[in-house]
K.L.:
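Structure incoming, see below.
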There are 2 protein chains.
Amino acid sequence: MTNDYIVKPVYKALQVLLCLGEERREMALSEICYRVAMPKTTTFRYLQTLCACGFVTHDPGTDLYRIGLRLWAIGQLAREPLHLRETALPAMRELRDRFNETVNLGILDGRDIVYLDMVESRRSLRMQAQLGGRDPVYSTALGKAMVAFLPEDRWPEHLPTRLTPRTDASHTTLASLRDDLRRTRERGYGLDDGENEEGVRCVGAPIFDQDGHVAAGVSLSAPAARMNDRALPEAAASVIQTALAISCRLGYRPR
Amino acid sequence: MTNDYIVKPVYKALQVLLCLGEERREMALSEICYRVAMPKTTTFRYLQTLCACGFVTHDPGTDLYRIGLRLWAIGQLAREPLHLRETALPAMRELRDRFNETVNLGILDGRDIVYLDMVESRRSLRMQAQLGGRDPVYSTALGKAMVAFLPEDRWPEHLPTRLTPRTDASHTTLASLRDDLRRTRERGYGLDDGENEEGVRCVGAPIFDQDGHVAAGVSLSAPAARMNDRALPEAAASVIQTALAISCRLGYRPR
DNA sequence: ACTTCTGTTTCTTCTGGCGAAACGCGGAGG
DNA sequence: CCTCCGCGTTTCGCCAGAAGAAACAGAAGT
């Protein structure tokens, strides 16, 4: 079965929907059509159709569009990540309570990670990702931890062809990124050392399912001042331990 | 501006998506195409397209489809009902705490209500709607409370042309339903007396926005044994009071 | 073996998706 | 005042591809 069955108008309209959904704010027609690189007329029609179905809401006062009620509702009802979240939550809480830093659960989606759940530090200064939000695989500990444990011939599926550094610490070449992934695999955890956001350190480890495949990842994030080089080894070991505990609850059997 | 801009394939694919979303379980191709009343080939293509974009996930083992990660993620990020929920929540909690029964917040969406938020009773036997879930306007106190305060020429937008009773207590004719709506408007609250679910009573009142338009509704639900005819007047008065408090926080000015 | 049901593929018709261009409006600047 | 620009909305005609009937392939049951 190949991809011969893509209905082009549907595919393109869904890109419009994704654009609005990921932007997380109201957008104007011009901005949307620029973002999705489609002619204005086409984008306009898709938006009208999306509005007719309740997936998008148009504010006639401002002429801005935003995600609509029906999409919100379906999103609340969707069971997609439910089992994983429930399974991971107890161990995530333990990890959070041990370090009083934020713990994230995420999975791979193309070249991004998507945050499935998070258990936040109780401190004022804490990491706060968005449930359902995304970050690039290559600049996050979560992303690197998951990809590193995939077969190498599957890495290109999750890595960009060109790197857009998010900070001064981000990787700028694919070669250095692949080295980092190999290091990640050897030591068992991925490290985001200010690559996704300046001043933030993050340690991530992969979660395996019952077939031994990478199912998700769990990470501990903190301000760099609190996760310095002395604190890192213990944090890394605990993240690995947490990921393993969750994996076993998913049916994974370590060899 | 009329509805001359509907892109048919997009519209139809979104009906497939709505079908899957509202069903809340995995479905097979045959069942979906029966539900949306489309030819198998067409439905199959739409599903492939929806899968390609991550809105639907196909399980190759079972050949079943379900709502996919990307739709879940957008649903979590969507801000659609956020302001209403935040505004209503404190008053809803007070109402719940006063009666120790479940309080629901919902809005109109076509002929249904959609549950935006809920604050649940702490008792074992309690009402439990689904966040993002739907019920028909005509059989719910929430629905009736909201529609009753719309101009009557807008009632047909929200009422079915033919009634499908959900219980023995449900309305069976449009005439009796319209009488109920007029009564609702006179007394200020809608009553679901076992019409949506047997043995459940529910009182609902409309929430108005700053322009005096119906924005939402709030309701108190309980097992009928606990909300008998002696308890009903006080509950109704409190629900009306809560709705008014929320309305004022939304900028509504009572006359 | 045959039947039934499922999902997948093929082929041809003609609908309507598509986008360039035009239109209308409001705001900013000279 | 006028002109320009940028926005969203509308028009028009071509041909790409959406559409669906029919066939195919496989699995399960009798």
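Reminder, nothing fancy here: chain letters follow the sequence lines and each chain counts from 1.
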K.L.:
CG of D59(B) versus P of dG7(C): gap in Å, rounded?
P.N.:
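Distance, rounded to whole Å: 13 Å.
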K.L.:
Measure the distance from CG on L47(A) to C1' on dC7(D) and round it to the nearest whole Å.
P.N.:
14 Å
K.L.:
Taking only the side-chain nitrogens and oxygens of Y46(A), find out if one of them lies under 4.0 Å from OP1 or OP2 of dG17(C).
P.N.:
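So the side-chain polar atoms of Y46(A) never come under 4.0 Å of the phosphate oxygens OP1 or OP2 of dG17(C).
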K.L.:
Categorize T41(A) for me: base, sugar-phosphate, or nothing, with a 4.0 angstrom heavy-atom threshold over every strand shown.
P.N.:
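Base, at least one base heavy atom under 4.0 Å.
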K.L.:
Both R45(B) and E31(B) contact DNA chain C. Which one's nearest nucleotide lies toward the 5' end?
P.N.:
E31(B)
K.L.:
Of all the nucleotides listed (dT9(D), dA18(D), dT6(C)), which has the minimum atom distance to the side chain of D63(A)?
P.N.:
dT9(D)
K.L.:
In whole angstroms, how far is the P atom of dG17(C) from the CD atom of Q48(A)?
P.N.:
14 Å
K.L.:
Quiz question: going by heavy-atom distance under 3.5 Å, is there a donor-acceptor pair between the base of dG8(D) and the side chain of K40(A)?
P.N.:
yes
K.L.:
Can you tell me if Y5(A) touches the phosphate of dT9(C), counting only side-chain N or O atoms and a distance under 4.0 Å to OP1 or OP2?
P.N.:
yes
K.L.:
Work out which heavy atom in L105(B) is nearest to a heavy atom in R85(B); give both atom names and the distance.
P.N.:
CD2-CA, 4.0 Å
K.L.:
Less than 4.0 Å between a side-chain N and a carboxylate O, is that true for E22(B) and R35(B)?
P.N.:
no
K.L.:
Taking CD1 from I6(A) and P from dG17(C), how many angstroms apart are they, rounded to a whole number?
P.N.:
18 Å
K.L.:
Less than 3.5 Å apart, any donor N or O on the side chain of H58(B) or D63(B) sitting next to an acceptor on the other?
P.N.:
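Per modelled atom types, H58(B) and D63(B) side chains form a pair under 3.5 Å.
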K.L.:
Would you kindly give the CG-to-C1' distance between D4(A) and dT9(C), to the nearest whole Å?
P.N.:
10 Å
K.L.:
Measure from CD on E26(A) to P on dC7(D) and round the result to the nearest Å.
P.N.:
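Between P of dC7(D) and CD of E26(A): 17 Å.
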K.L.:
Identify which nucleotide among dT9(C), dG17(C), dT10(D) has an atom closest to any side-chain atom of F44(B), counting heavy atoms from C-beta outward.
P.N.:
dT9(C)
K.L.:
Expressed as a whole number of angstroms, how long is the span from L64(B):CG to dT8(C):P?
P.N.:
11 Å
K.L.:
Working to the nearest 0.5 Å, report the span between OG1 of T140(B) and CG of D135(B).
P.N.:
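These two atoms lie 6.5 Å from each other.
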K.L.:
Please report the distance, rounded to the nearest Å, between CG in L29(B) and C1' in dG20(D).
P.N.:
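These atoms are roughly 14 Å apart.
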K.L.:
Can you find a side chain N or O atom of T42(B) that sits less than 4.0 Å from OP1 or OP2 on dG20(D)?
P.N.:
yes
K.L.:
To the side chain of P39(B), which of dG20(D), dT10(C), dG17(C) is closest?
P.N.:
dG20(D)
K.L.:
K12(A) side chain N/O closer than 4.0 Å to the phosphate oxygens (OP1, OP2) of dC18(C)?
P.N.:
yes
K.L.:
Could you check whether K8(B) gets within reach of a base, just the sugar-phosphate, or nothing at all, counting any heavy atom under 4.0 Å?
P.N.:
sugar-phosphate
K.L.:
Tell me if the OH atom of Y252(B) is crowded by more than 12 foreign heavy atoms within 6.0 Å.
P.N.:
yes
